[in-house]
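It should be emphasised that the depicted structure is a prediction, and the values quoted were computed from it without experimental measurement.
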2 protein chains.
Amino acid sequence: MMLKFLCHFCTDTFPADPMAPFCPQCREPLLVELPSAGRRIHSSGPPLERFMEFLPLSGAYESLSLGEGDSPLLPLIRLQHKFELPSVWAKDEMLNPTGSFKDRGTVVAVHRAKDSGVRKIGTVSTGNMGASTAAYGARAGMQVFVLAKEDTPREKLLSAGVHGAHLVQIRGDYGELFLKSYRVGSRHGIYFMNSTDPFRIEGYKIIGFEIYEQLRPRLPHYIFVPVSSGGHLIGLMKAFIELSRAGIIPSLPVFIGVQAQGCSPIAQAFSSGRARVSRVAAPGSVAQSINNPSPPGGNLLLHMLREHDGAVTAVTDEEILTAQRILAREEGLFCLPASATVLAGMLKIRDEGRFRPDDRVVLVITGSGFKNIPVLEHQALSLHSATPASLDALIASL
Amino acid sequence: MMLKFLCHFCTDTFPADPMAPFCPQCREPLLVELPSAGRRIHSSGPPLERFMEFLPLSGAYESLSLGEGDSPLLPLIRLQHKFELPSVWAKDEMLNPTGSFKDRGTVVAVHRAKDSGVRKIGTVSTGNMGASTAAYGARAGMQVFVLAKEDTPREKLLSAGVHGAHLVQIRGDYGELFLKSYRVGSRHGIYFMNSTDPFRIEGYKIIGFEIYEQLRPRLPHYIFVPVSSGGHLIGLMKAFIELSRAGIIPSLPVFIGVQAQGCSPIAQAFSSGRARVSRVAAPGSVAQSINNPSPPGGNLLLHMLREHDGAVTAVTDEEILTAQRILAREEGLFCLPASATVLAGMLKIRDEGRFRPDDRVVLVITGSGFKNIPVLEHQALSLHSATPASLDALIASL
């Protein structure tokens with residue numbers, strides 16, 4: 001079978017070339033087109049094997065895996081009671097090899113690289129995606145190129161650099177670098193698996209398939225997910241759309257994307273009824289890893305959300321830090337500020353009175369808080385000092 | 001059934017009181033005593049359920065779990081070929097909720113706290129164990145106390161503090177704080193689940209059970225593990241000893257503990273044939289999380305290793321950093337320097353010509369490198385800068 005990419009807007013199909021993942025006509029991201037009818041989920045094996053019928057791969061290679069996926073779906077009982085919420089679960093994507101959901105996409109894209117005989121891969125990111133791509137590239141014995149902005153602090157380069165990736169700092173902004181990467185890639189045979197790469201998005205589908213599997217026979221009513229480029233939420237929606245087309249589920253959950261107010265181009269376009277995302281001039285929020293002023297998947301995501309009754313909302317830095325603290329203190333989940341947006345978003349929807357008591361809500365917790373310890377300076381600590389003599393009295397007072 | 005603690009030296013038993021985990025006669029750590037005969041492993045469910053017959057718990061509570069365990073056992077094929085090693089696997093304990101093997105012990109100790117009606121827990125640690133205890137305590141809704149040295153940098157307190165733990169800095173060294181914690185604990189009803197806590201050690205057993213399960217029907221010949229207090233390796237050995245007593249396996253693997261030369265009290269005692277560990281006067285190595293100058297489980301570990309033909313070896317900081325780089329570059333595994341000691345130790349044993357070609361070796365990778373990014377300043381990066389015009393030439397040259 002010849003693998004195809006589809007443009008959601010032109011509805012044209014193209015050969016599935018990972019080095020050309022945008023529609024040559026409308027410049028929107030292409031998605032892998034796989035007929036869903038008759039496909040099924042297998043009952044055992046690691047995630048890539050269980051969901052192989054829904055993936056554009058020729059097989060799963062143990063030598064490329066770092067044990068990604070099968071992340072826990074944790075019931076958040078204490079949170080639910082304390083904040084009078086419907087039933088809530090955390091899909092804990094922090095429990096991936098490099099500490100974020102990016103690994104789900106990277107492993108599928110690296111499989112695709114191997115299937116197509118590509119030995120050089122790359123990405124434009126100095127954050128979670130850079131570290132993930134460098135780790136999987138190393139595991140596969142591939143050469144890895146990470147393009148970064150000129151002013152990226154050295155400390156942000158280290159976790160990709162430790163895997164031996166070539167780190168290249170270039171003058172220019174993120175949007176420019178993003179486009180440049182494809183030009184460089186096709187010239188030098190480097191597969192740039194960036195945020196909206198079609199195979200990366202196929203990997204994000206697996207998070208959705210697992211949520212289905214873990215809640216079965218029940219279905220979630222709502223799924224909340226942080227939104228940056230749009231790729232992650234597009235993947236989650238594609239998973240449930242394909243399950244529905246395969247006749248496995250009768251209806252889709254409501255998808256709610258959450259952005260930080262300081263950089264919320266998709267939420268702004270959504271709430272003002274626009275079809276296209278506008279670039280944010282001066283982006284900035286505490287949720288660094290989703291500060292994307294010009295999200296390449298923005299228009300596609302807007303279109304898909306409107307088609308399926310989803311929404312995008314935005315939350316303030318204060319709401320984000322409060323949510324980060326609540327998740328850590330009530331449930332033991334220490335996540336990045338970007339990941340905490342989902343709880344902030346959920347509390348907002350609760351305040352709007354949208355939940356029914358028997359709703360089932362899944363919060364996708366995307367990345368580990370250990371990746372940004374300094375941000376904790378914003379959080380109050382219960383910090384005390386004592387002498388050996390005063391310790392007893394102190395403990396008794398706490 | 002009345003649960004008992006056993007002193008390995010006096011061979012006396014005592015009531016299993018988590019607040020009194022040392023032998024009142026010889027001051028050595030007590031271990032949980034459970035008869036192994038007739039016990040079996042269940043075939044499904046999360047780890048605590050599968051291995052429940054080997055654990056001193058009344059049941060597994062989903063509300064206390066953060067999805068710990070079932071960590072991958074990754075074949076390290078590239079490493080094996082490049083360094084002419086026997087078959088090697090990484091047991092990747094970085095894939096635990098707070099990024100280290102400590103979670104295995106904490107979840108069992110917190111179950112024990114719940115079983116005994118204790119609502120306050122604590123630990124002496126500002127590193128992996130502090131973060132783990134604070135996270136699980138938060139999940140369980142317990143009050144958590146973390147005792148730290150007066151001079152602990154604020155940054156090391158943050159990842160426990162975010163969970164709302166009370167952080168108390170006290171004058172005194174680690175050894176003194178360790179002893180003080182039990183006095184404070186019994187006075188205020190706080191269960192201090194420190195490094196050699198008997199229930200924590202029961203949790204570490206599960207890593208061993210999973211290794212058995214993942215390699216079955218084959219058995220490992222060697223298991224390498226970093227050694228600090230001794231608790232982790234004691235737990236791994238106890239697992240295989242119990243599998244052997246239950247008639248499930250015919251023989252034990254060879255256990256090799258690895259310390260950093262800059263702080264290697266157990267390795268020193270082992271190689272000089274002494275029965276007791278001496279305190280290291282000026283400890284210091286790049287492997288911060290195992291710099292334990294006076295390991296409370298040292299004497300017990302020495303005794304067990306000699307009884308079962310194991311060994312403890314020590315490796316230099318340079319060997320540790322080289323091993324950290326190799327794991328990251330060849331296999332995509334970015335671990336703490338402390339965790340990289342196992343590969344350094346394995347390369348040392350290889351150089352001594354001890355392996356046979358058909359040996360199966362497991363390296364337990366204990367903690368995530370994301371917990372200590374600054375140490376990467378010791379590693380060389382492939383860092384370049386380019387202008388948009390010079391980028392092509394640069395990429396071609398790499």
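- At a 4.5 Å heavy-atom cutoff, the contact between A/Leu391 and chain B is made by side-chain atoms alone.
- Heavy-atom pairs under 4.5 Å with chain B peak, among A/Arg325, A/His384, A/Gln324, at A/His384.
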Output, in order, the C-alpha distance, side-chain angles, deciding distance and verdict of side chain to side chain donor-acceptor pair (under 3.5 Å) for A/Ser132 and A/Asp103. CA-CA 6 Å; A/Ser132 176; A/Asp103 295 335; 2.6 Å; yes
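- Rounding to the nearest 0.5 Å places CG of B/Leu363 at 11.0 Å from CG of B/Leu74.
- The distance from atom CZ of A/Phe101 to atom CD of A/Glu68, rounded to the nearest 0.5 Å, is 14.5 Å.
- Aromatic pair B/Phe370/B/Phe334: centroids less than 6.0 angstrom apart.
- Put simply, of A/Gly161, A/Gly164, A/Ser63, A/Pro72, the one with the most heavy-atom pairs under 4.5 Å next to chain B is A/Gly164.
- For B/Glu150, no part lies under 4.5 angstrom from a heavy atom of chain A.
- In this structure, A/Arg139 contributes its side chain and A/Ser65 its backbone to a donor-acceptor pair below 3.5 Å.
- For a residue to count as touching a neighbouring chain, one of its non-hydrogen atoms must lie under 4.5 Å from one of that chain's; by this rule A/Ala90 does not touch chain B.
- Of all non-hydrogen atoms in B/Gln80 and B/Val88, the two that sit nearest each other are OE1-N, 3.7 Å.
- Contact annotation for B/Glu331: both backbone and side-chain heavy atoms come within less than 4.5 Å of a heavy atom of chain A.
- Contacts with chain A were tallied for B/Leu394, B/Leu383, B/Leu157, B/Thr98; B/Leu383 has the most, counting heavy-atom pairs under 4.5 Å.
- Of the listed residues (A/Ile373, A/Val144, A/Asp392), the one with the most heavy-atom contacts under 4.5 Å to chain B is A/Asp392.
- Within the model, atoms CE of B/Met129 and OG1 of B/Thr106 stand 8.0 Å from one another, a figure rounded to the nearest 0.5 Å.
- Only the side chain of B/Arg154 comes within contact range of chain A, judged by heavy atoms closer than 4.5 Å.
- Only the side chain of B/Ile190 comes within contact range of chain A, with at least one heavy atom under 4.5 Å from a heavy atom of that chain.
- Applying the side chain to side chain contact (heavy atoms under 4.5 Å, CB included) test to B/Lys149 and every residue at least two apart in sequence or in another chain returns B/Asp151, B/Thr152, B/Leu177.
- Contact record, B/Ala138 with A/Arg329: CB-O, 3.3 Å, taken as the closest heavy-atom pair.
- With chain A as the partner, the residue from B/Glu330, B/Gln379, B/Met94 showing the most heavy-atom pairs under 4.5 Å is B/Glu330.
- Between chain A and the options B/Leu167, B/Val184, B/Leu381, heavy-atom pairs under 4.5 Å are most frequent for B/Leu167.
- The contact between B/Ala165 and chain A is made entirely by backbone atoms, counting heavy-atom distances below 4.5 Å.
- Chain B forms more heavy-atom pairs under 4.5 Å with one residue of A/Arg171, A/His188, A/Lys371 than with any other, namely A/His188.
- Taking chain A as the reference chain and counting heavy-atom pairs below 4.5 Å, the highest number among B/Ser385, B/Ser390, B/Gly137 is found for B/Ser385.
- With a threshold of 4.5 angstrom between heavy atoms, B/Phe145 approaches chain A through side-chain atoms but not through N, CA, C or O.
- With a threshold of 4.5 angstrom between heavy atoms, B/Asn96 approaches chain A through N, CA, C or O but not through any side-chain atom.
- Here the shortest heavy-atom pairing between B/Pro46 and B/Asp70 reads CA-OD2, 4.5 Å.
- With a 4.5 Å cut-off on non-hydrogen atoms, B/Ile170 touches chain A through its backbone and its side chain both.
- Within the 4.5 Å cutoff, the side chain of A/Arg104 has heavy atoms near those of the A/Ser71 side chain.
- Contact between B/Val110 and B/Ala140 at its shortest, heavy atoms only, is CG1-CB, 3.9 Å.
- Counting heavy-atom pairs closer than 4.5 Å to chain B, the top-ranked of the candidates A/Ala396, A/Gly67, A/Ala386 is A/Ala386.
- When each of B/Glu62, B/Lys120, B/Glu176 is checked for heavy-atom pairs under 4.5 Å with chain A, B/Glu62 comes out on top.
- A/Gln143 touches chain B through its side chain: at least one heavy atom from C-beta onward sits under 4.5 Å away, while N, CA, C and O do not.
- Interface remark: of the candidates A/Leu398, A/Val146, A/Thr387, A/Leu398 forms the most heavy-atom pairs closer than 4.5 Å to chain B.
- Within the model, atoms CZ of A/Arg183 and CE of A/Met19 stand 16.0 Å from one another, a figure rounded to the nearest 0.5 Å.
- Summarising the geometry of B/Tyr61 relative to B/His111, their closest heavy-atom pair is N-NE2, 2.9 Å, with the distance given to 0.1 Å.
- At a 4.5 Å heavy-atom cutoff, the contact between B/Arg187 and chain A is made by side-chain atoms alone.
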